[in-house]
Amino acid sequence: QYIELGTPGSKSLTTGWLTRHMQTAGNLPNEIVMPSLAIGDLQPVSLLGSLDTVNMNDPQSFNFDNGPWRWRDAQRTALRDMYEASSSWMHDAGVQAMDAVDIVSLNIGDAYTPANGAVYPDGPFGDQMQVLAQMIKLQLGLQVSTIDFGGWDTHDAQGVGSGGYLSDILGELANGLAAFYLDLDGAGSENYTQRLTVVVQSEFGREVRENGDNGTEHGYGNNLFVLSGNAVGGFHGSWPGLAPDQLVEGSDLAVTTDYRQVLSEILIRRMCNPAIDLVFPTYTGYQPLGVVQGVDLPPGSSGAIFADDFESGSLNAWS
């Protein structure tokens with residue numbers, strides 16, 4: 001919850017950090033059909049307070065199908081008329097939902113063929129990454145999306161080497177990310193990887209040493225993965241070491257990098273939003289690590305670039 005709120009040690013804010021990014025990004029058009037998407041049944045804390053987020057598990061079932069089929073067109077028309085009759089937040093949200101349903105249902109067919117021969121792994125994570133790729137290709141103005149991939153609390157029977165539970169779930173993660181990137185790695189207007197930044201983050205690490213049940217207990221430090229056509233490959237930050245005297249309490253990898261430093265760099269360099277003081281209100285001392293390429297706008301809300309700059313074509317918005 002601290003990570004997704006973007007305020008470690010405080011749960012007082014009523015918005016998630018991704019919501020605050022969307023609220024402070026001055027380079028976005030005023031109207032976007034689908035600005036944010038949560039793949040799954042629940043809206044995550046990072047998008048807390050967002051009235052624009054669409055929740056979706058499967059595009060095939062993202063449609064208007066209540067009641068007998070012969071009534072559905074009339075119901076759809078009646079609902080749209082009702083929502084368009086006023087301009088309150090509820091009416092606006094209803095119109096946006098109707099627009100999203102119409103566009104998705106009209107553009108998603110019965111089968112999806114990934115590009116470049118990409119093959120998504122079997123299982124919920126592979127399915128969700130494929131759904132996200134489909135939605136990106138619809139060009140609905142998608143700016144941010146979230147996927148929750150659980151199952152990492154491996155206190156016992158993690159496995160050995162390339163065999164066992166941990167190896168299998170790591171393989172599912174790696175293969176899903178690889179298929180997603182390959183699927184979106186096109187040319188020209190379909191070169192989505194140049195407009196894409198994926199962050200893979202967990203809320204806790206694992207202890208360095210194996211326990212008596214062939215697993216690991218909750219740990220302190222952890223890694224964070226960034227995948228993008230504009231990512232700078234390699235390790236970034238300070239490596240704390242694994243010697244006994246370098247571990248926290250003799251068992252945990254030490255934390256050397258605030259995760260908000262990485263996310264702030266992505267906001268500035270890839271999302272063109274320098275308002276990190278509003279997105280991460282308790283974070284100070286930002287310096288880029290060089291994780292991604294991009295323009296270093298002056299950090300802080302005073303350096304924000306507003307919609308008129310975007311509309312004049314002087315700046316690109318990155319999804």
Side-chain angles (χ1 to χ4, degrees), residues 1-6 8-9 17-18 44-46 121 125-126 128-129 144-155 158-162 164-181 193 196-211 214-270 276 280 283 285-294:
Q1 189 173 7
Y2 287 147
I3 285 176
E4 296 202 22
L5 285 174
W17 77 270
L18 282 175
V45 173
S46 59
F125 179 66
Q128 291 176 333
M129 294 303 289
V144 298
S145 183
T146 62
I147 290 177
D148 186 20
F149 183 23
W152 301 91
D153 206 356
T154 49
H155 288 276
Q158 283 183 239
V160 178
S162 60
Y165 177 82
L166 185 60
S167 175
D168 291 343
I169 196 171
L170 283 169
E172 187 177 354
L173 173 65
N175 292 332
L177 291 170
F180 179 68
Y181 193 90
T193 56
L196 174 76
T197 304
V198 180
V199 176
V200 182
Q201 185 176 14
S202 175
E203 74 273 26
F204 58 80
R206 311 300 299 179
E207 285 191 348
V208 173
R209 293 184 179 86
E210 180 181 314
N211 62 24
N214 299 316
T216 49
E217 304 303 327
H218 292 187
Y220 191 48
N222 202 352
N223 49 26
L224 183 153
F225 300 114
V226 176
L227 175 69
S228 171
N230 287 279
V232 179
F235 176 82
H236 300 271
S238 300
W239 175 245
L242 294 175
D245 62 341
Q246 295 172 319
L247 298 177
V248 176
E249 298 180 350
S251 62
D252 293 339
L253 186 71
V255 172
T256 63
T257 304
D258 190 320
Y259 73 95
R260 294 171 296 179
Q261 183 177 7
V262 180
L263 299 182
S264 293
E265 181 177 330
I266 290 170
L267 286 177
I268 291 174
R269 291 187 172 184
R270 302 312 317 150
I276 58 175
F280 301 117
Y283 174 60
Y286 165 73
Q287 291 291 330
L289 284 169
V291 177
V292 293
Q293 300 173 339

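The model shown is predicted, which means the values in this text are computed figures rather than measured ones.
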Colleague: What I'd like to find out is whether the side chain of Thr146 reaches to under 4.5 Å of the side chain of Ser46, using heavy atoms alone.
Modeller: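 Sidechains of Ser46 and Thr146: in contact.
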Colleague: Any chance you could lay out the side-chain contact (heavy atoms from CB on, under 4.5 Å) test for Leu196 and Phe180, step after step, and finish with the verdict?
Modeller: CA-CA 11 Å; Leu196 174 76; Phe180 179 68; 3.7 Å; yes
Colleague: Can you give me the closest heavy-atom contact between Leu289 and His236, atom names plus distance?
Modeller: O-ND1, 3.6 Å
Colleague: Identify the two heavy atoms, one from Pro44 and one from Glu4, that lie closest to each other, and give their separation to 0.1 Å.
Modeller: CB-OE1, 3.4 Å
Colleague: Identify the two heavy atoms, one from Ser264 and one from Phe280, that lie closest to each other, and give their separation to 0.1 Å.
Modeller: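 Where Ser264 meets Phe280 most closely, the heavy atoms are OG-CD1, 3.5 Å.
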Colleague: The test is side-chain contact (heavy atoms from CB on, under 4.5 Å); show your working for Ile266 and Val291 and say whether it passes.
Modeller: CA-CA 8 Å; Ile266 290 170; Val291 177; 5.6 Å; no
Colleague: When Arg206 is tested against each of Asn222, Thr154, Asn211, Leu166 for side-chain contact (heavy atoms from CB on, under 4.5 Å), which residue passes?
Modeller: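 Of all the options given, the one that passes is Thr154.
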Colleague: Give a yes or no answer on whether the side chain of Glu203 reaches the backbone of Gln1 with a donor-acceptor pair at less than 3.5 Å.
Modeller: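 No, the answer is negative, given that no donor and acceptor are paired below the 3.5 Å cut-off.
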Colleague: Any non-hydrogen side-chain atom of Trp17 less than 4.5 Å from a side-chain atom of Val45?
Modeller: no
Colleague: Does a sphere of radius 6.0 Å around CG in Asp148 hold more than 12 heavy atoms from other residues, nucleotides or ligands, not counting ones at 6.0 Å or beyond?
Modeller: no
Colleague: For Asn214, is there any backbone N or O sitting under 3.5 Å from a side-chain donor or acceptor partner on Gln158?
Modeller: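 No.
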Colleague: If we count only N and O atoms by modelled type, under 3.5 Å, do the side chains of Glu217 and His155 hold a donor and an acceptor together?
Modeller: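 A pair is found: one side chain offers a donor N or O, the other an acceptor, under 3.5 Å apart.
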Colleague: Report yes if the side chains of Gln261 and Tyr283 come closer than 4.5 Å at any heavy-atom pair, otherwise no.
Modeller: yes
Colleague: Would a 4.5 Å heavy-atom cut-off, applied to side chains only, mark Ile276 and Ile268 as touching?
Modeller: yes
Colleague: Measuring only between side-chain heavy atoms, which start at C-beta, is Val226 closer than 4.5 Å to Thr197?
Modeller: yes
Colleague: Can a donor-acceptor pair be found, under 3.5 Å and without considering hydrogens, that links the side chain of Thr257 to the backbone of Gly237?
Modeller: no
Colleague: To check you understand the geometry: which heavy-atom pair defines the closest contact between Tyr2 and Tyr259, and what is its length?
Modeller: O-OH, 3.3 Å
Colleague: Measure the shortest side-chain to side-chain distance between Pro8 and Arg260 over non-hydrogen atoms and say whether it is less than 4.5 angstrom.
Modeller: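 Of all side-chain heavy-atom pairs linking Arg260 with Pro8, at least one is under 4.5 Å.
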Colleague: Could you go step by step and tell me if Phe225 and Leu177 meet the side-chain contact (heavy atoms from CB on, under 4.5 Å) rule?
Modeller: CA-CA 11 Å; Phe225 300 114; Leu177 291 170; 5.8 Å; no
Colleague: Taking the side chain as C-beta and beyond, is there a heavy-atom pair between Gln246 and Pro240 under 4.5 Å?
Modeller: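 Side chain of Gln246 against side chain of Pro240, heavy atoms only: no contact under 4.5 Å found.
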Colleague: Rounded at 0.5 Å granularity, tell me how far CE in Met129 sits from OG in Ser145.
Modeller: 8.5 Å
Colleague: Given Phe204 and Ile3, is the side-chain contact (heavy atoms from CB on, under 4.5 Å) satisfied, shown in steps?
Modeller: CA-CA 10 Å; Phe204 58 80; Ile3 285 176; over 6 Å; no
Colleague: For atom OH of Tyr220, decide whether the heavy atoms of other residues, nucleotides or ligands shown that lie under 6.0 angstrom number more than 12.
Modeller: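 It does not: Tyr220 OH has 12 such atoms or fewer within range.
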Colleague: Got a donor-acceptor contact below 3.5 angstrom from the Glu172 side chain to the Gly126 backbone?
Modeller: no
Colleague: Work out which heavy atom in Thr216 is nearest to a heavy atom in Glu207; give both atom names and the distance.
Modeller: CG2-O, 3.6 Å
Colleague: Hey, could you give me the OH/OG1 distance between Tyr181 and Thr193, rounded to the nearest 0.5 Å?
Modeller: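 So the gap between those two atoms works out to 4.0 Å.
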Colleague: In Å, rounded to the nearest 0.5 Å, how long is the span from CG of Leu242 to CG of Asp252?
Modeller: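 With rounding to 0.5 Å, CG (Leu242) is 11.5 Å from CG (Asp252).
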Colleague: With side chains defined as the heavy atoms from C-beta onward, is the minimum distance between Tyr286 and Leu267 less than 4.5 Å?
Modeller: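 Result no, sub-4.5 Å side-chain heavy-atom pair not found.
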